[in-house]
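What you see below is based on every heavy atom in this structure, not just the backbone, and it leaves out hydrogens, waters and symmetry mates. Position 1 is the first residue of the sequence; numbering continues from there. Just so it is clear, the structure is predicted and the values come from calculations on it, not from any experiment.
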Amino acid sequence: MPWQFAVADGAFAATPVRFTEYPQGTGELTRALCDDELDAALVLTEGATLDVLKNDTNRLVKVWVDSPLTWGIHVAAHSDIRSIDQVRGRRVAISRYGSGSHLIGIVDALERGWPVDDMTFVVVDNLDGARDALRSGDADVFLWEKYMTQPLVDSGEFRRVGVREVPWPAFVVSVRKDVLATRAAEVRDVLDIASRYARNFKRRASAPRQVADAYGLALRDARAWHAEVRWSSGYRRPSGALQKVATALRAQGAIDNDAVPLNRIWQPLP
């Protein structure tokens, strides 16, 4: 929403910005970066880090949302799964391989001490696909950000049987290396403007109501989200958090066991 407000206000006059939403999630965002469809993207930290390490076409330049993301672990209302222990070994709906829903499903299993080599994943593209898959019985479990799925829990379509809070900042800004090579100062200017709008949005008393109206949330949930979310105004590299992400990616076999140099992941802006 801070980006949408900034675009609507014409705040990016010096460097015009076109802000586009990708409902398919992290995997589609990183694909669009690699395919030169995007110059920069706001991406889940774990998915953005994996993308940089696998493809080496982008660099992370800024933490966008410093607060961690909490994922709800959902089943269909009619499911026979009643507790988190019953999730083990069930078919997990994911938007795409390499997406946040895929990675956090594995992270959750690792944190619970469950084996990951026998996990079964069902690709569903997006939230609507997950709804169809759980309703039809093609998948059993779906992990997605808890506030965005809250309306489905409130309506009785989903039941939430657990949550997973990840131990790192929720979102980072990933930028193509060729863009950084020629336009790094412009990227910094754009991010400074967006960060100012985020700070103002955090202070705005009407923000929870705007979020509730825009995303179909109950006002109480929008207020809870607004109280929890922290946008980052700085550009410091979160070295400890990135190491935790790399450790998780190694544990799931997404990257090799070699040490990951952080300068391969993060590039300072001027």
How about [X] and [Y]: do any of their side-chain heavy atoms sit closer than 4.5 Å?
X: Ser79; Y: Arg159; value: yes
X: Leu269; Y: Leu180; value: yes
X: Leu262; Y: Gln243; value: yes
X: Val116; Y: Met119; value: yes
X: Arg96; Y: Glu28; value: yes
X: Asn58; Y: Cys34; value: yes
X: Ser67; Y: Glu228; value: no
X: Leu217; Y: Pro151; value: yes

Assess the side chains of [X] and [Y]: does a donor N or O sit below 3.5 Å from an acceptor N or O?
X: Glu46; Y: Trp168; answer: yes
X: Asp138; Y: Ser136; answer: yes
X: Gln24; Y: Arg31; answer: no

Is the shortest side-chain N to carboxylate O distance from [X] to [Y] below 4.0 Å?
X: Asp154; Y: Arg220; result: yes
X: Asp36; Y: Arg176; result: yes
X: Asp80; Y: Arg90; result: yes

Quick one: do [X] and [Y] end up in the same hydrophobic cluster if we chain Ile, Leu, Val, Met, Phe, Trp and Tyr together by side-chain heavy atoms under 4.5 Å apart?
X: Trp3; Y: Leu38; answer: no
X: Leu29; Y: Tyr97; answer: no
X: Val75; Y: Met148; answer: yes
X: Val43; Y: Ile104; answer: no
X: Val122; Y: Val87; answer: no

Exercise for review: Apply ring-ring contact (aromatic ring centres under 6.0 Å, His included) to Tyr197 and Trp231, showing your working.
Suggested key: CA-CA 10 Å; Tyr197 271 78; Trp231 283 280; over 10 Å; no
Check: [Y] main-chain N/O paired with [X] side-chain donor or acceptor under 3.5 Å:
X: Ser174; Y: Leu60; value: no
X: Lys146; Y: Arg164; value: no
X: Thr30; Y: Gly27; value: yes
X: Arg91; Y: Gly137; value: yes
X: Thr45; Y: Ala170; value: yes
X: Ser95; Y: Asp125; value: no
X: Asn55; Y: Thr57; value: no
X: Lys177; Y: Asp56; value: yes
X: Glu21; Y: Pro23; value: no

Practice item. In sequence, state the C-alpha distance, the side-chain angles, and the governing distance for Asp108 and Trp71, and then conclude on side-chain contact (heavy atoms from CB on, under 4.5 Å). Key: CA-CA 10 Å; Asp108 180 71; Trp71 295 71; over 6 Å; no
Exercise for review: With sequence neighbours excluded, tell me which residues meet side chain to side chain contact (heavy atoms under 4.5 Å, CB included) with Gln86.
Suggested key: Ile81, Arg82, Ser83
Please tabulate, for side-chain N and O atoms in residues 199-212, each donor-acceptor pair with protein atoms closer than 3.5 Å (sequence neighbours left out).
residue, atom, partner, partner atom, Å
Asn200, OD1, Arg203, NH2, 2.6
Asn200, ND2, Arg196, O, 3.4
Lys202, NZ, His226, O, 2.4
Lys202, NZ, Ala227, O, 3.4
Lys202, NZ, Val229, O, 2.7
Arg204, NH1, Gln210, OE1, 3.3

Between [atom1] on residue [X] and [atom2] on residue [Y], distance to nearest 0.5 Å:
X: Arg223; Y: Trp225; atom1: CZ; atom2: CH2; value: 14.0 Å
X: Thr49; Y: Arg264; atom1: OG1; atom2: CZ; value: 11.5 Å
X: Thr247; Y: Arg250; atom1: OG1; atom2: CZ; value: 4.5 Å
X: Leu103; Y: Leu50; atom1: CG; atom2: CG; value: 6.0 Å
X: Thr15; Y: Asp189; atom1: OG1; atom2: CG; value: 6.0 Å
X: Asp39; Y: Arg18; atom1: CG; atom2: CZ; value: 9.0 Å

Revision key, fill the gap. Given the options Ile106, Val123, Leu143, Ile94 meets side chain to side chain contact (heavy atoms under 4.5 Å, CB included) only with Val123
Exercise for review: Show your working on side chain to side chain donor-acceptor pair (under 3.5 Å) between Thr149 and His74 and close with a plain yes or no.
Suggested key: CA-CA 9 Å; Thr149 51; His74 307 93; 2.9 Å; yes
For [X] and [Y], work out which heavy atoms get closest and say how close.
X: Val63; Y: Pro238; answer: CG2-CG, 3.7 Å
X: Val175; Y: Ala40; answer: CG2-CB, 3.9 Å
X: Phe12; Y: Val190; answer: CE2-O, 3.5 Å
X: Phe142; Y: Leu127; answer: CE2-CD1, 3.6 Å
X: Arg237; Y: Asn263; answer: NH1-N, 4.0 Å
X: Trp64; Y: Ser195; answer: CZ3-OG, 3.7 Å

Check your understanding: Going through the checks in order, is the side-chain contact (heavy atoms from CB on, under 4.5 Å) test met by Glu37 and Tyr22?
Key -> CA-CA 12 Å; Glu37 289 179 17; Tyr22 278 68; 3.4 Å; yes
Review point. Hey, mind stepping through Ile265 and Arg59 against side-chain contact (heavy atoms from CB on, under 4.5 Å) and telling me if it holds?
Key: CA-CA 6 Å; Ile265 302 173; Arg59 288 292 183 267; over 6 Å; no
Exercise for review: Evaluate side-chain contact (heavy atoms from CB on, under 4.5 Å) for Trp266 paired with Val61, printing each intermediate quantity in order.
Suggested key: CA-CA 6 Å; Trp266 191 274; Val61 300; 5.6 Å; no
Exercise for review: Find out whether the Lys NZ or Arg CZ of Arg188 is both under 6.0 angstrom from the six-membered ring centre of Tyr235 and within 45° of the ring's axis.
Suggested key: yes
Check your understanding: Would Phe158 and Trp144 count as a close aromatic pair, with their ring centres under 6.0 Å?
Key -> no
